[in-house]
Amino acid sequence: MNQIIKEHLKPTLTTLLIFIFSSVLVGQNRGNNEIGLKALDNQYGFLNIKLETPFNTFKGLIKQDGDNYYKALQPELRLGKYTFEAVYLTFYKDMVTTIEFETKGWTNTNGVLGILQEAYSEGHKREHFGYKWKGQKVWMNFAINESDGNGVLSLHSVPLMSKEIGENE
């Protein structure tokens, strides 16, 4: 083997410390991620809207294009100082299976993303598509339009999606 390569392969104290430190950080991130995903699953919704809420609980829904897809007439929804422009609900067997919140502009979108990451972990960055979090009961996505900074935060009920997929197979 080439002597130069051998020299670079020798473990040094610095290399060992970097390896140990990075392993600890990965373990911490995994732990924080698991805690965040458990919190997401336990909340089973967002703000004042819960997944699997019955259709008849909502007043003033406006039917949108597509089956079982409605715009919810909500008073201004805020997350800290950030606002959501609109809320959309998708139903399966008259139960909320998906909740979507729209953000407008980089300030709102980045502010909401920061709060989500603080509450639920960093999430998994998806190239050109924003972020995703996958809990046992809730899958959450935050799609961000890179040209205007608008975003769509969507939460999906894993149990209801599984039932719907099972029936369609």
Side-chain angles (χ1 to χ4, degrees), residues 29-106 108-169:
N29 282 343
R30 187 177 302 121
N32 290 340
N33 190 43
E34 289 172 10
I35 291 168
L37 294 178
K38 284 181 183 176
L40 181 64
D41 283 341
N42 289 336
Q43 190 173 356
Y44 205 57
F46 194 71
L47 296 178
N48 62 346
I49 303 173
K50 299 288 186 195
L51 293 162
E52 293 193 38
T53 300
F55 179 86
N56 62 8
T57 303
F58 299 93
K59 306 293 182 229
L61 294 175
I62 301 170
K63 180 84 168 113
Q64 304 295 297
D65 291 337
D67 292 338
N68 302 311
Y69 187 61
Y70 295 84
K71 183 175 184 177
L73 295 178
Q74 295 281 327
E76 183 180 84
L77 286 176
R78 300 184 70 77
L79 182 60
K81 62 183 180 179
Y82 308 105
T83 58
F84 293 102
E85 297 294 317
V87 178
Y88 295 91
L89 305 171
T90 304
F91 293 87
Y92 169 70
K93 294 199 173 186
D94 289 335
M95 304 290 271
V96 174
T97 187
T98 300
I99 309 165
E100 294 178 351
F101 298 88
E102 287 185 354
T103 60
K104 297 286 183 205
W106 285 109
N108 275 322
T109 299
N110 284 333
V112 168
L113 177 60
I115 292 171
L116 294 174
Q117 289 178 324
E118 187 176 323
Y120 304 119
S121 82
E122 292 296 311
H124 175 72
K125 174 94 171 91
R126 299 167 54 197
E127 190 172 339
H128 305 295
F129 293 108
Y131 295 82
K132 70 177 178 179
W133 295 259
K134 286 181 129 182
Q136 297 294 313
K137 296 178 2 184
V138 179
W139 288 357
M140 183 169 70
N141 300 293
F142 196 26
I144 301 170
N145 184 325
E146 293 179 350
S147 65
D148 59 16
N150 295 340
V152 176
L153 171 64
S154 57
L155 291 92
H156 309 275
S157 166
V158 173
L160 284 181
M161 287 187 330
S162 296
K163 287 179 185 176
E164 186 174 10
I165 291 168
E167 286 182 7
N168 290 329
E169 289 183 339

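- Between L113 atom CG and E122 atom CD the span is 8.0 Å, to the nearest 0.5 Å.
- Between atom CZ of residue F142 and atom OG1 of residue T103 there is a gap of 4.0 Å, rounded to the nearest 0.5 Å.
- Inter-residue side-chain proximity for Q43 and K50 is flagged as met; some heavy-atom pair is nearer than 4.5 Å.
- Taking 4.5 Å as the limit, every side-chain heavy atom of Y131 sits out of range of all side-chain heavy atoms of L116.
- Atom NZ of K71 and atom CG of L89 lie 12.0 Å apart (nearest 0.5 Å).
- Surrounding CG of N48 are more than 12 heavy atoms belonging to other residues, nucleotides or ligands, all under 6.0 Å away.
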For side-chain contact (heavy atoms from CB on, under 4.5 Å), just list the numbers for H124 and R126, CA-CA rounded to whole Å, side-chain angles, deciding distance to a tenth of an Å, and then say yes or no.
CA-CA 6 Å; H124 175 72; R126 299 167 54 197; 4.0 Å; yes
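- The neighbour count for K63 NZ, taken as heavy atoms of other residues, nucleotides or ligands under 6.0 Å away, is above 12.
- F84 and F101 have tilted rings, their planes meeting at an angle from 30° to 60° on a 0 to 90° scale.
- To the nearest 0.5 Å, atom CD of residue Q117 and atom CG of residue N110 are 9.5 Å apart.
- In this structure, F46 and Y120 have tilted ring planes: the angle between them lies in the 30° to 60° band.
- Atom OG1 of T53 sits about 8.0 Å away from atom CZ of F91, to the nearest 0.5 Å.
- In this structure, the side chain of N108 does not engage the main chain of Y82 through any donor-acceptor pair within 3.5 Å.
- In this structure, L77 CG and L47 CG are separated by 5.5 Å, a value rounded to the nearest 0.5 Å.
- In this structure, W106 and E146 approach most closely via the heavy-atom pair CZ2-O, 3.3 Å.
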Test F55 against Y70 for ring pair (Phe, Tyr, Trp, His ring centres under 6.0 Å), laying out the working first.
CA-CA 10 Å; F55 179 86; Y70 295 84; 5.2 Å; yes
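- Between the side chain of Q64 and the backbone N or O of I62, at least one donor-acceptor pair lies under 3.5 Å.
- No donor-acceptor pair closer than 3.5 Å links the side chain of K137 to the backbone N or O of L40.
- Contact between T83 and E85 at its shortest, heavy atoms only, is OG1-OE2, 3.9 Å.
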Could you walk me through whether Y92 and N68 satisfy the side-chain contact (heavy atoms from CB on, under 4.5 Å) test, starting with their C-alpha distance in whole Å, then the side-chain angles of each, then the deciding distance to 0.1 Å, before giving a yes or no?
CA-CA 7 Å; Y92 169 70; N68 302 311; over 6 Å; no
Just distance, no hydrogens or angles: give the donor-acceptor pairs under 3.5 Å from side chains in residues 147-162, sequence neighbours left out.
from	atom 1	to	atom 2	distance (Å)
S147	OG	N145	OD1	2.6
D148	OD1	N150	N	2.9
D148	OD2	N150	ND2	3.0
N150	OD1	G105	N	2.8
S154	OG	H156	NE2	3.2
H156	ND1	T98	OG1	3.1
H156	NE2	N141	ND2	3.3
S157	OG	Y44	OH	2.6
S157	OG	L160	N	3.2
S162	OG	V158	O	3.0

